Amino acid sequence: MCGLAAVNHLVFFDDWYDFSRDFVIDVLPVSLLAYTIARSIGRAHWELFRAKREAERLSRTYPLTGLSNRRAFFDAAKRLEAAEPVLAIFDIDRFKRINDRFGHGAGDEVIRAVAERMQAELGDLGAVARLGGEEFALIGPARPKAEIAERLQAFRRNIADSP
């Protein structure tokens with residue numbers, strides 16, 4: 001039955017038996033097919049959205065530390081509107097010795113531990129990032145210099161006192 005004839009037959013049905021039969025034969029299969037297709041498209045769209053969001057997250061973080069990477073750090077610096085922003089750059093002294101003596105796995109653990117501690121102790125001051133290698137940075141809005149100096153020295157002492 002062609003489209004218009006099927007619609008006319010369903011709309012202007014003669015009896016319930018013909019209507020039910022035509023509904024089961026014409027409308028129900030098309031509706032189920034349309035639902036299946038729409039559901040598949042919806043799932044694919046959702047998966048694409050999740051993959052895009054994950055790709056964006058991965059492009060802005062270091063997987064080892066979970067900290068922002070250089071790209072995200074400079075983006076945060078551009079968005080900062082402070083007249084005198086806080087900027088601190090750190091590196092791990094004698095880090096090459098750790099890798100040479102204990103291997104890169106141990107070096108990765110040291111970087112991970114420093115990153116976790118830096119985020120926990122200094123994260124409220126601004127954006128904490130790993131710039132690369134054993135270099136880290138912090139950028140944030142203006143704060144009293146004495147407070148910043150005290151917090152940074154406390155962080156340095158905590159790291160130095162750690163085994």
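The structure displayed is predicted, hence computed values, not measured ones.
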Verdict with reasoning, D75 to R60, per side-chain contact (heavy atoms from CB on, under 4.5 Å): CA-CA 10 Å; D75 286 349; R60 302 180 66 74; 2.8 Å; yes

For E150, does the CD atom sit with more than 12 other heavy atoms under 6.0 Å from it, leaving out its own atoms? no

Applying ring-ring contact (aromatic ring centres under 6.0 Å, His included), can you list everything that pairs with F155, at least two apart in sequence or on another chain? F90

Can you name the closest pair of heavy atoms from Y62 and S68 and give their distance? CD1-O, 4.1 Å

After noting the C-alpha distance and the side-chain angles of V30 and L33, does the key distance pass the side-chain contact (heavy atoms from CB on, under 4.5 Å) rule? CA-CA 5 Å; V30 170; L33 182 62; 5.7 Å; no

Taking the side chain as every heavy atom from C-beta outward, state whether L67 and V128 have any pair of such atoms under 4.5 Å apart. yes

Does any N or O in the side chain of R130 come within less than 3.5 Å of the main-chain N or O of G133, such that one atom is a donor and the other an acceptor? yes

About how many Å separate OG1 of T65 and CD1 of I111, when rounded to the nearest 0.5 Å? 8.5 Å

Check this for me, if you would: do R112 and E109 make a salt bridge, where the nitrogen-to-carboxylate-oxygen distance has to be below 4.0 angstrom? yes

Side chain proximity check, V86 to P141, heavy atoms < 4.5 angstrom: no

Could you tell me whether a side-chain N or O of R70 sits under 3.5 Å from a main-chain N or O of L131, the two making a donor and an acceptor? yes

Approximate separation, where rounding is to 0.5 Å, of M118 CE and N158 CG: 12.0 Å

Separation between CD (Q119) and CG (D124), nearest 0.5 Å, reads 9.0 Å

Please check if I98 and L64 belong to a single hydrophobic cluster, counting links between Ile, Leu, Val, Met, Phe, Trp and Tyr side chain heavy atoms closer than 4.5 Å. yes

Approximate separation, where rounding is to 0.5 Å, of R97 CZ and D93 CG: 9.5 Å

Do you know the tightest heavy-atom contact between N99 and G107? OD1-CA, 3.2 Å

May I have the step-by-step check of salt bridge (charged side-chain N to carboxylate O under 4.0 Å, His left out) for R57 and E54, ending in yes or no? CA-CA 5 Å; R57 184 189 69 78; E54 179 66 7; 2.6 Å; yes

Side-chain cluster (under 4.5 Å, hydrophobic types only) that W46 belongs to, other residues: F49

For L138 and L87: C-alpha separation, side-chain torsions, deciding distance, then whether side-chain contact (heavy atoms from CB on, under 4.5 Å) applies. CA-CA 6 Å; L138 163 72; L87 174 62; over 6 Å; no

Are side-chain N/O atoms of R71 and S59 paired as donor and acceptor at under 3.5 Å? yes

Would you check if R50 and E47 make a side-chain contact, meaning some heavy-atom pair closer than 4.5 Å? yes

R39 vs R43, test: side-chain contact (heavy atoms from CB on, under 4.5 Å). Steps then yes/no. CA-CA 6 Å; R39 185 173 171 179; R43 280 186 181 165; 2.4 Å; yes

Between R151 and E121 (side chain of the first, backbone of the second, donor and acceptor by atom type, cut-off under 3.5 Å), is there such a pair? yes

